[in-house]
There are 2 protein chains.
Amino acid sequence: MNPMSTQLIDYYAAEDKIHIATDCIIFGFDNESIKLLIFKRRVDPFKGQWSLIGSFVKATESVNDAAKRVLTEITGLENVFMKQLKVYGGVDRDPGARCITVGQYALIRIEEQDKTLVEKHGAVWHDLHEIPDLVLDHNTLVKDALVQLKLKASYQPIGFELLPKKFTIPNLQRLYEAIYQKKFDDRNFRKKIIALDVLTKLEEKDKSTSKKGAFLHKFNKEKYNKLVNRGINFRL
Amino acid sequence: MNPMSTQLIDYYAAEDKIHIATDCIIFGFDNESIKLLIFKRRVDPFKGQWSLIGSFVKATESVNDAAKRVLTEITGLENVFMKQLKVYGGVDRDPGARCITVGQYALIRIEEQDKTLVEKHGAVWHDLHEIPDLVLDHNTLVKDALVQLKLKASYQPIGFELLPKKFTIPNLQRLYEAIYQKKFDDRNFRKKIIALDVLTKLEEKDKSTSKKGAFLHKFNKEKYNKLVNRGINFRL
DNA sequence: TCAAAAGTGTTACAAATACACCCATGT
DNA sequence: ACATGGGTGTATTTGTAACACTTTTGA
């Protein structure tokens, strides 16, 4: 492939060029706790150590496409919610070479079918609150992403990305509790969520976690998207 | 200067390198309205057209340092509040060459002494709500930065960066009104701001905008910083 | 004396919090 | 029959929103 397919000349030829990578902070939820996807780095330096999943950005692809590429490769998922976190642009952050990275965080639901693919790539879902030492500044990226996730959850509905299509209100509550690391009052949580008016209650019950069973719900995508734009005020 | 002062070899030599720039969305406040600093681009392509102020990131400097360098050069200010907005990483965003840019927005108060320096560089403070066409995707950066600024103002106190050391409560109100493009009720605004408990009322009055004069206030930096960390809930 | 901005309080309404018991059902 | 998680209502407090008049003083 022609590495400069769309440009014939480089007006900026006198300027420096730098390696640019993107690293994905992939959060997953398995209806119990929030997990982070990490894997063993495959290139030197630090080959074999725990790392976020990332890749260099090619001259012919956008930064977003690079992240999508990585994400699809490892998880098999497409159209994943992903958002830029921050650029880590320090001169000495990578002893391998000057390399700037764009941190991007993704939210996905952990489901059985994906697990096998993840494992095939040597990746593991690791409990968010006991992450091992990662290469470079990756622990910082994770910390920053978690702050961002909490912030996001406070002004936008979250959950569409992390929960299965059908879920119970206790499921949703456990998700928020996992994000904030804090227990919420059942009655107030339920009241607030229902007041948002984005859930459709189904007839069906999920009996996997109790004998009585809990009613399943689904998101009303239209109302949900409106709420994403309008913003919420979720301070529990 | 040795362009690889801290690294002897490039482990990633097989990977692409890309031009990387940073563009600053510099918001200023002159106690009346929010302004944006733009200038006439000095390099081809699009030489002479309106543009944000930016620069290429050198192999030997961090992305943040690059932005600071530009900002100091044009405004003469150091230690300016600056925050990353987003990376614009599309393949074809710049016809000059493949170039990724990091948008960073800055908040500064517009004061007389800086004005001359700004003019010397051919830069102008332009009213935020009638920005001309800018080069590349710079209008998008401005739009995104404004969204970010509004969001930030809603969960963190803002104003330390944009207001002079001594300011009146109506000054502060005009700042928020300029950001949100919306009038607030005097009494409620004052009540809410005072309830935040970050202002120290001075004896002095500012009579520049009224015959009666308005009491000057200053921020209590400690309490202000605590509030930045704790977060506020400013939805007027 | 009057125009123009600064400053001040109260009431009504909405939202957040705290809190305790009954329900359904599989074992 | 009992243990387990699901589900419900109310009172209190807190915060937000709406609203009109008096004060000061330079021109």
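Computed from heavy atoms alone, side chains included, the values below leave out hydrogens, waters and symmetry copies. Lettering of chains follows the sequences in order, A, B, ..., and the numbering in each one begins at 1. Everything quoted here is computed from the prediction, not taken from an experiment.
- Between B/Arg174 and C/dA6, a side-chain N or O to OP1/OP2 separation shorter than 4.0 Å is present.
- D/dT8 atom C1' lies 14 Å from atom CD of A/Gln173, rounded to whole Å.
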Quiz item: What string of B, S and - do you get for nucleotides 19-27 of chain C, 5' to 3', if B is base contact, S is sugar-phosphate-only contact and - is no contact with any protein heavy atom under 4.0 Å?
Solution: BB--BBBB-
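- Screening residues 160-177 of chain B for salt bridge (Lys or Arg N to Asp or Glu O under 4.0 Å) gives B/Lys166-B/Glu204, B/Glu177-B/Lys183 as the qualifying pairs, with residues at least two apart or on separate chains.
- Taking atom OH of residue A/Tyr176 and atom C1' of nucleotide C/dA16, one finds them 16 Å apart after rounding to whole Å.
- Relative ring orientation between A/Tyr180 and A/Tyr176 is described as parallel, the plane-to-plane angle staying below 30° on a 0-90° scale split at 30° and 60°.
- Residue A/Ile193 contributes atom CD1, which lies 16 Å from atom C1' of D/dG7 at whole-angstrom precision.
- Not a single side-chain contact (heavy atoms from CB on, under 4.5 Å) links A/Lys143 to another residue, sequence neighbours left out.
- Rounded to an integer number of Å, the gap from CG of A/Leu172 to C1' of D/dG7 is 16 Å.
- For the pair B/Asp206 CG and C/dG7 P, the computed distance is 10 Å after rounding to whole Å.
- Taking atom CD on B/Glu177 and atom P on C/dA5, their separation rounds to 13 Å, with Å as the unit.
- One can place CG of B/Asn233 at 15 Å from C1' of C/dT17, the figure rounded to the nearest angstrom.
- With sequence neighbours excluded, no residue forms a side-chain contact (heavy atoms from CB on, under 4.5 Å) with A/Lys226.
- One can place CD1 of A/Ile169 at 8 Å from P of D/dT8, the figure rounded to the nearest angstrom.
- The salt bridge (Lys or Arg N to Asp or Glu O under 4.0 Å) check on A/Lys223 picks up A/Asp197, with sequence neighbours excluded.
- By the side-chain contact (heavy atoms from CB on, under 4.5 Å) test, A/Lys83 is found to be paired with A/Phe81, A/Tyr105, residues two or more places apart in sequence or in another chain being considered.
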